[in-house]
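Structure record follows, encoded as structure tokens.
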Amino acid sequence: KLESVLFNPDVVFLLATFLDAQDLRQVSLTCKALGAKQAAYNGLSLAEESARQMFECASEWERSCLPKRDDEGWVELYRHLLMLRSKLTFDQFNT
């Protein structure tokens, strides 16, 4: 029963909301059950499906700024979304 809960897409999605894109990618590489592509999710892994769902929760403006390219995975696109949301900072170099 524990496996059915852990590999439920809704549970994985909720857990993924606490991870950044790099951590989500590491989970998909570490855990075969989360990283393997599955027919039930249109050929996406649970990690990719979670990233897709998080991207779909973004505002319309954010999604319009980040159109998905054919060669781009959902985790990568989610990383770009997080970068878009982060504050732009400038550091001063001391010479």
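A salt bridge links Arg52 with Glu49: at least one charged nitrogen is closer than 4.0 Å to a carboxylate oxygen.
A distance of 15.0 Å separates NZ in Lys68 from CZ in Arg63, rounded to the nearest 0.5 Å. To the nearest 0.5 Å, atom CH2 of residue Trp74 and atom CG of residue Leu24 are 13.5 Å apart. The line from CE of Met83 to CG of Asp20 is 12.0 Å long, rounded to the nearest 0.5 Å. Atom CG of Leu82 and atom CD of Gln22 lie 11.5 Å apart (nearest 0.5 Å). One distance of note links CD of Glu76 with CZ of Arg79; it measures 6.0 Å at 0.5 Å rounding. Once rounded to the nearest 0.5 Å, the distance linking CG of Leu44 with CD of Gln53 reads 10.0 Å.
Minimum interatomic distance between Phe55 and Leu66 (heavy atoms only, all atoms of both residues): CZ-O, 3.5 Å. Here the closest heavy-atom approach between residue Leu19 and residue Tyr78 is recorded as O-OH, 3.5 Å.
Counting heavy atoms of neighbouring residues, nucleotides and ligands inside a 6.0 Å radius, atom CG of Asp70 does not exceed 12 of them. By the 6.0 Å contact criterion, CD on Glu62 is enclosed, its count of non-hydrogen atoms from other residues, nucleotides or ligands being greater than 12. The number of heavy atoms from other shown groups lying within 6.0 Å of CD (Glu60) does not exceed 12.
Every residue meeting the side chain to side chain donor-acceptor pair (under 3.5 Å) condition with Glu72, not counting sequence neighbours, appears here in chain and number order: His80. The salt bridge (Lys or Arg N to Asp or Glu O under 4.0 Å) search around Arg25 returns none, not counting sequence neighbours.
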TODO: Show the numbers, then the answer: is there a side chain to side chain contact (heavy atoms under 4.5 Å, CB included) between Trp61 and Leu84?
DONE: CA-CA 11 Å; Trp61 179 82; Leu84 179 67; 4.1 Å; yes
